[in-house]
Amino acid sequence: MAISITLLITALLAADCESIPGSNTLWSSPSINWLFIGEDHGTNEEPEAFGDIICGASISRKVLVAVEQPASEQSAIDTFLTSNGGAAARDVFLKSAIWTNTFKDGRSSQAQFRLFERWRTMYSRGKIAGVIAFQPVTAVASAAEYEAAMAGELKRASRPDHLVIALVGNVHAMRTKVSYSNPSYMPAAGLLPRKQTVSVTFERSGGEQWACASMTECGVISSPAPATPVPAGTRIEPDGTSSYSAVLYLGKLTSASPPQPTPLLDRR
C-alpha cells in the first residue's frame with residue numbers, strides 16, 4: 001500500500017514529540033485560539049513536557065509560544081531565536097533580565113533555558129511562529145489588574161489561524177476566580193473568550209522543585225508521592241465549572257531545576 005507524502009511527513013514530525021497521551025485533544029479544534037498550560041515553576045519535567053506539547057501541536061496547527069517573562073525582554077528573545085545558538089549568542093541572551101533578575105522562582109531555571117534553546121531550533125525549522133513574552137512590566141495596583149494586563153498582552157499577540165500556547169504558573173491558567181484572595185480576582189485564562197480558550201494544569205506524582213518561600217528565600221522543596229500514582233495521561237473536565245479545562249498527569253516524580261548560571265557581565 002502506498003503511503004502519501006503528507007502522512008509520511010506527519011509521522012516523521014510526530015517521532016520528535018513525546019506528548020502526554022491524549023493531549024492532542026486539547027488543540028485539535030480549530031476554534032481554539034489560546035491554550036494555557038499551568039506549571040509548578042522549578043521542575044525539569046514540566047518544561048520538558050511543555051516543549052513536547054508545542055512539538056505535537058505544531059504538526060497540525062500554526063503555533064505561537066507565549067511565556068511568562070517580562071515583555072521588556074522581547075528583543076532579547078527575538079535576537080536569540082534568530083541567532084545560530086552558539087556560545088556567543090547564549091552569553092548575550094543570558095545577560096538579559098530573564099536570567100539575571102535577583103528573584104529566582106523557577107522561571108529562570110536551567111530547564112527554562114533548555115526550552116528556549118529548543119524553541120530556537122523549532123523556530124529555525126519553521127515549526128513555531130515565534131515566542132512572545134507577556135508578563136506586564138508597568139506598575140499595577142492589584143492582582144486583578146495584573147491578570148487583566150497579561151490577558152491583554154495575549155489578545156494582542158493573537159494572529160489569524162494561529163494557536164497561542166502559553167506557559168504560566170498554574171494560578172494564571174485557572175478559568176475560575178481565585179477565591180482565597182481578598183478580594184477575589186479572575187486569572188488571565190478566565191478573562192479570554194471561554195469558547196476559544198483551553199486551560200490546563202500539570203499534575204505531578206510528587207518529587208522535587210525549585211521554589212521560593214519569599215523574595216529572597218528560594219531552594220529545593222519536596223512533596224511525597226501519592227499512595228496510588230496516576231499514570232501519564234490527559235483528563236478532560238466535562239462540566240465546565242472546574243478551575244481547568246483539563247489535567248495533564250506527568251505520571252512520574254519531578255526533579256528540581258535550579259537557576260540557570262549566567263556569564264560574567266564583563267569578561268576581560
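Given the structure is predicted, the values throughout are model-derived calculations rather than measurements.
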Rounded distance (nearest 0.5 Å) linking atom [atom1] of [X] with atom [atom2] of [Y]:
| X | Y | atom1 | atom2 | value |
| --- | --- | --- | --- | --- |
| I77 | Q69 | CD1 | CD | 6.5 Å |
| L64 | S158 | CG | OG | 8.5 Å |
| R235 | T201 | CZ | OG1 | 10.0 Å |
| S242 | M174 | OG | CE | 10.5 Å |
| L94 | S108 | CG | OG | 10.5 Å |
| I32 | S245 | CD1 | OG | 8.0 Å |

Side chains of [X] and [Y], donor plus acceptor under 3.5 Å:
| X | Y | answer |
| --- | --- | --- |
| S31 | Q196 | no |
| H172 | E147 | yes |
| S23 | T234 | no |
| Q74 | D78 | yes |

Nearest non-hydrogen partners of [X] and [Y], listed with the distance:
| X | Y | answer |
| --- | --- | --- |
| P226 | P229 | O-CD, 3.7 Å |
| L192 | K155 | CD2-CG, 3.3 Å |
| T25 | S28 | O-OG, 3.3 Å |
| E68 | V168 | OE1-CA, 3.4 Å |
| K62 | D161 | CB-O, 3.6 Å |
| M122 | S58 | CE-OG, 4.0 Å |

Under-4.0 Å salt bridge between E46 and R204: yes
Salt bridge R120-E117, side-chain N to carboxylate O under 4.0 Å: no
Partners of [X] by ring pair (Phe, Tyr, Trp, His ring centres under 6.0 Å), sequence neighbours excluded?
| X | answer |
| --- | --- |
| F113 | W99 |
| F80 | F93 |
| W27 | none |

Pairwise disulfide bond (SG atoms under 2.5 Å apart) hits with a residue in residues 152-233, at least two apart: C212-C218
Quick one: do [X] and [Y] end up in the same hydrophobic cluster if we chain Ile, Leu, Val, Met, Phe, Trp and Tyr together by side-chain heavy atoms under 4.5 Å apart?
| X | Y | answer |
| --- | --- | --- |
| L167 | W210 | no |
| V164 | L191 | no |
| V198 | I236 | yes |
| L163 | F50 | yes |
| V67 | I98 | yes |

Determine yes or no for a side-chain-to-main-chain donor-acceptor pair under 3.5 angstrom, with [X] supplying the side chain and [Y] the backbone.
| X | Y | value |
| --- | --- | --- |
| N44 | A256 | yes |
| E73 | A97 | yes |
| R61 | S29 | yes |
| Q209 | I221 | no |
| Y123 | V131 | no |
| S257 | A111 | yes |
| T254 | E208 | yes |
| W119 | I128 | no |

Side chains of [X] and [Y]: closer than 4.5 Å at any heavy-atom pair?
| X | Y | answer |
| --- | --- | --- |
| L248 | L26 | yes |
| Y180 | V171 | yes |
| I59 | C17 | yes |
| V200 | Y244 | no |
| S109 | H41 | no |

Steps toward side-chain contact (heavy atoms from CB on, under 4.5 Å) verdict (V63, K127): CA-CA 7 Å; V63 173; K127 295 186 70 174; over 6 Å; no
Test side-chain contact (heavy atoms from CB on, under 4.5 Å) applied to D52 and I20, step by step: CA-CA 8 Å; D52 287 334; I20 294 171; over 6 Å; no
side-chain contact (heavy atoms from CB on, under 4.5 Å) evaluation trace for L154 with F36: CA-CA 11 Å; L154 289 172; F36 280 78; 3.3 Å; yes
Side chains of residues 181-189: which donor-acceptor pairs under 3.5 Å do they make with residues two or more places apart or in other chains?
{"residue": "S181", "atom": "OG", "partner": "P183", "partner atom": "O", "Å": "3.0"}

Side-chain donor-acceptor distances from residues 132-142 under 3.5 Å, at least two apart:
{"residue": "Q135", "atom": "OE1", "partner": "R107", "partner atom": "NH1", "Å": "3.2"}
{"residue": "Q135", "atom": "NE2", "partner": "Y146", "partner atom": "OH", "Å": "3.2"}
{"residue": "S142", "atom": "OG", "partner": "E145", "partner atom": "N", "Å": "3.2"}

